[in-house]
Structures are given as structure tokens and as C-alpha cells.
Undergrad: 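Sharing a structure below in C-alpha cells format, with a few things to ask.
Each ligand, and each atom within it, is numbered from 1 in the order the structure gives.
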Amino acid sequence: MTPTPDLNQKLQTLSIHSGRQVDPATGAVTTPLHTSTTFERDPDGEFSRHFFYSRIDSPNRKSLEECLADLEGGEDSIAFSSGMAASLAVFQALAPGDHVVLHRDLYFGVRELITGFFARWGLRHSFVDMRNIEELRQACRPETKLFWLETPTNPLIEVTDVQPVAECARSLQVMLVCENTFATPVLQRPLEMGAHLVVHALTKYLSGHCDAMGGAVIVGKKSDFSARIREFQRVGGAVISSFDSWLILRGLQTLVPRMRLHCENARQVADFLSTHPAVSRVHYPGLAGDPGHAIASRQMLDFGGMLSFEVHGGRPEAFAVASRLKLIVRATSLGGTHSLIEHRASIEGAFTRSPESLLRLSVGLEGATDIIADLDQALRGS
Ligand SMILES: Cc1ncc(COP(=O)(O)O)c(C=O)c1O
């Protein structure tokens with residue numbers, strides 16, 4: 001279940017070749033960008049070249065979907081205009097009155113979607129700690145249809161053992177959706193651990209350069225449920241643009257080596273922060289003392305590029321540290337080449353689970369010594 005270095009060799013090849021071919025018309029090696037929204041119909045009224053209107057399907061989106069399905073090991077993948085649009089597409093495939101159980105720490109936008117929009121729509125929900133299977137079982141009702149598990153989580157970097165959750169889902173005939181945005185298919189293989197669907201904010205590591213927005217649902221095995229998600233994509237119209245698809249496909253080509261360097265940099269940054277006197281706690285599963293360390297060591301190839309840390313002095317000191325940074329950029333989002341830092345509680349609002357003293361750090365691809373030097377001067381206050 002843990003991705004092996006051998007699998008990573010395969011992923012590296014797939015990330016460059018899957019969904020793409022040398023352009024038969026021109027011989028272009030890199031995939032052309034197709035901006036046309038409409039495609040010619042055959043004289044007999046057929047569409048022998050498959051495409052007819054870009055909301056329904058487009059060449060760059062199709063390439064991206066094929067590549068994502070191959071990378072996650074799924075039968076299909078359905079791409080959207082953002083990670084949130086992909087999440088929304090999953091929940092709308094349920095029916096009003098259905099019940100979903102979600103892990104208590106998760107991207108706050110999904111929490112807002114569930115407690116706001118979908119609560120008004122009639123979808124019921126419970127938040128539990130999915131690291132406790134008994135708590136998960138007790139939250140289930142006859143109308144429970146779906147478990148939503150993000151691991152590692154945003155922003156507390158909590159790690160949940162996917163397999164027991166998948167076994168519980170199977171025994172209750174509930175669908176398991178796993179958010180794999182932080183880990184990526186390079187580090188974690190949810191479908192192989194029993195998840196039915198994987199959701200990604202492609203905006204993050206998979207695109208990798210903070211210059212494209214997208215989301216995707218990767219389908220383990222096609223079903224009526226996944227057909228409803230596909231229908232929602234085509235009819236609802238929150239489709240990913242050709243240019244974003246093209247940019248993400250370009251970014252995907254370096255996913256494997258980028259993830260290797262993100263992990264290596266994050267490990268060094270976490271080690272540095274964990275001994276710093278100004279830091280009260282580091283949330284990073286690569287640290288031996290982290291509550292998620294044992295599970296992450298088993299379930300992930302490496303520990304990822306995301307970490308959070310808490311500083312002594314609460315909110316004012318967290319803001320002060322962030323304000324003194326010179327290299328690391330104070331900005332939302334993650335998974336790009338630049339290191340980005342964010343005070344999550346002030347972004348997430350009233351229902352945040354982030355401590356006021358917490359800063360989330362997306363460790364970028366700059367030299368680790370430079371990232372550490374910047375953190376050091378900011379934490380020292382000089
Ligand atoms: C884990 C996770 N899931 C989903 C999203 C939403 O993605 P998007 O901003 O592309 O809608 C984010 C955004 O930060 C995220 O961090």
C-alpha cells in the first residue's frame with residue numbers, strides 16, 4: 001500500500017507521457033494548447049473526432065484527465081475549474097436527506113460548503129475524529145452514504161490510517177472519498193488502500209507553480225455515482241479551462257522530483273523548528289514525536305512539504321514572526337515553488353480549528369538553508 005520507489009519510477013514516466021502523444025498533424029512533441037470552444041461536425045452529422053463543444057470535452061482537459069487517472073491508478077478522472085468545484089461535484093451526486101461523515105480537520109472551504117450550502121440543500125453531516133474508528137461507527141446512520149477523509153489535513157497536518165476507515169466504509173456499504181491534495185499520488189495511494197474516489201485541488205502540488213487553478217475527482221471504479229459527477233461536470237459547466245489543463249499537465253511532468261525536494265526541504269525545516277526556543281510546537285508527521293508519525297511512515301512514501309508550527313506569544317507573536325520574513329512570502333495557497341506562510345485562524349474565521357499561535361508553512365523549492373535562515377531571523381526578532 002505504501003508507494004515504493006519502483007512505483008515512483010513508473011509515475012515519473014506516466015507524468016510525462018500519459019494522456020499525451022506527439023501531435024500527428026505537426027509532429028510537436030509538447031502538447032499543443034487548443035483554445036477552440038467548438039469542433040467541426042462530419043458531413044454525415046457524426047463527431048468522428050470525438051470533440052464537439054469544449055464544456056462537454058476538450059483536448060487539453062481529456063489529456064489531463066487521462067494523466068490524472070493513470071497517476072492515481074483509477075479508471076477515470078473528472079476535472080473541474082477548482083478544488084472546491086470538484087468537492088461540490090461529489091456532494092451534489094448525493095441526495096437531500098443523505099448523511100455524510102467527515103474527518104473533523106479538513107480544508108475550511110469544504111467545511112463551509114457542508115455546513116452552509118449543502119446543509120440548506122438538505123444534506124446532513126457529522127464531524128468526527130476518523131482516527132477513532134469507534135467514533136466513526138457511532139456517527140453512522142442508515143442514511144449515511146459517504147465518508148470524507150482528508151489526510152494529511154489542512155492545517156493541522158493530522159494523519160489518519162486510511163485502511164481501517166476503508167474497511168468500515170466497506171462493511172457499511174458507504175463510499176469513501178479521500179482528499180489527496182497534500183500527499184499527492186507520489187506519496188500516498190488512497191485507491192489502493194480502499195478509497196472509492198480521490199479528490200485533488202490541482203491548484204496545489206499537481207500544478208506546482210501557483211499559476212493554474214483546477215480540481216479533479218479520480219474514480220477508482222466507474223459507477224452510477226461517478227456518472228452523476230461526470231454529468232454534473234458537463235451540464236453544470238464548472239469546467240477547467242484548456243489553458244489551466246495545459247499548465248497543469250506541464251507542471252505534472254516534474255511532480256515526482258518536485259515532491260522529493262519538497263519533502264527533503266520540509267524535513268530540514270521541521271528539524272530546525274522543533275529545536276527552536278521561540279517555537280512551542282511543530283505539526284509535521286516526519287518528526288518522530290508527531291502523533292501521525294507511525295501511520296505516515298507506513299502509509300506514505302515520505303512526509304510531504306506542508307507543516308504548521310506554533311510560536312510562544314500567541315496571535316501577536318505569530319503575526320510578528322510572519323511580518324519579519326524576507327524570503328518566505330505571506331500568502332495563501334500551497335504546493336508551489338515559493339515557500340508560503342499563512343496565519344490560518346485569521347483566514348478561516350469563526351469556525352477555525354487552528355490555534356491563534358499557529359502558522360502554516362508550505363515549504364517551497366528554494367535552498368533549505370535559505371528558508372531556515374529566513375525563519376531563524378524572523379523567530380529571533382532581528
Ligand atoms: C486541501 C485542500 N483542498 C481543497 C482546496 C480548494 O482548492 P481550490 O482553491 O482550487 O478550490 C484547498 C485550497 O487551499 C486545499 O488546501
Undergrad: Can you list, by chain and residue number, the hydrophobic cluster partners of F51 when the side-chain cut-off is 4.5 Å?
TA: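 Joined to F51, directly or through intermediates: F39.
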Undergrad: Answer yes if the ring centres of F303 and H293 are under 6.0 angstrom apart, and no otherwise.
TA: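 F303 vs H293: aromatic centres under 6.0 Å.
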Undergrad: Considering only Ile, Leu, Val, Met, Phe, Trp and Tyr, and joining two whenever side-chain heavy atoms are under 4.5 Å apart, list the other residues clustered with V329.
TA: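 For the cluster that includes V329, the remaining residues are L340.
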Undergrad: Could you pull out every N or O of ligand 1 that sits under 3.5 Å from a protein N or O, with the distance for each pair?
TA:
| residue | atom | partner | partner atom | Å |
| --- | --- | --- | --- | --- |
| ligand 1 | 3 (N) | E179 | OE2 | 2.7 |
| ligand 1 | 10 (O) | G83 | N | 2.9 |
| ligand 1 | 10 (O) | T203 | OG1 | 2.6 |
| ligand 1 | 11 (O) | G83 | N | 3.1 |
| ligand 1 | 11 (O) | M84 | N | 2.8 |
| ligand 1 | 14 (O) | K204 | NZ | 2.9 |
| ligand 1 | 16 (O) | N154 | ND2 | 2.9 |

Undergrad: Once ring-ring contact (aromatic ring centres under 6.0 Å, His included) is applied, what residue pairs with a partner in residues 118-145 remain, sequence neighbours excluded?
TA: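 As it turns out, the ring-ring contact (aromatic ring centres under 6.0 Å, His included) pairs with a partner in residues 118-145, which skip direct neighbours, are F91-F118, F118-W121, H125-F127.
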Undergrad: Run the salt-bridge test on R380 and D376 with the 4.0 Å N-O cut-off and return the result as yes or no.
TA: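 The answer is yes: the pair qualifies as a salt bridge.
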Undergrad: Are L261 and I372 linked, directly or through other ILVMFWY residues, by side chains that come within less than 4.5 angstrom of each other?
TA: no
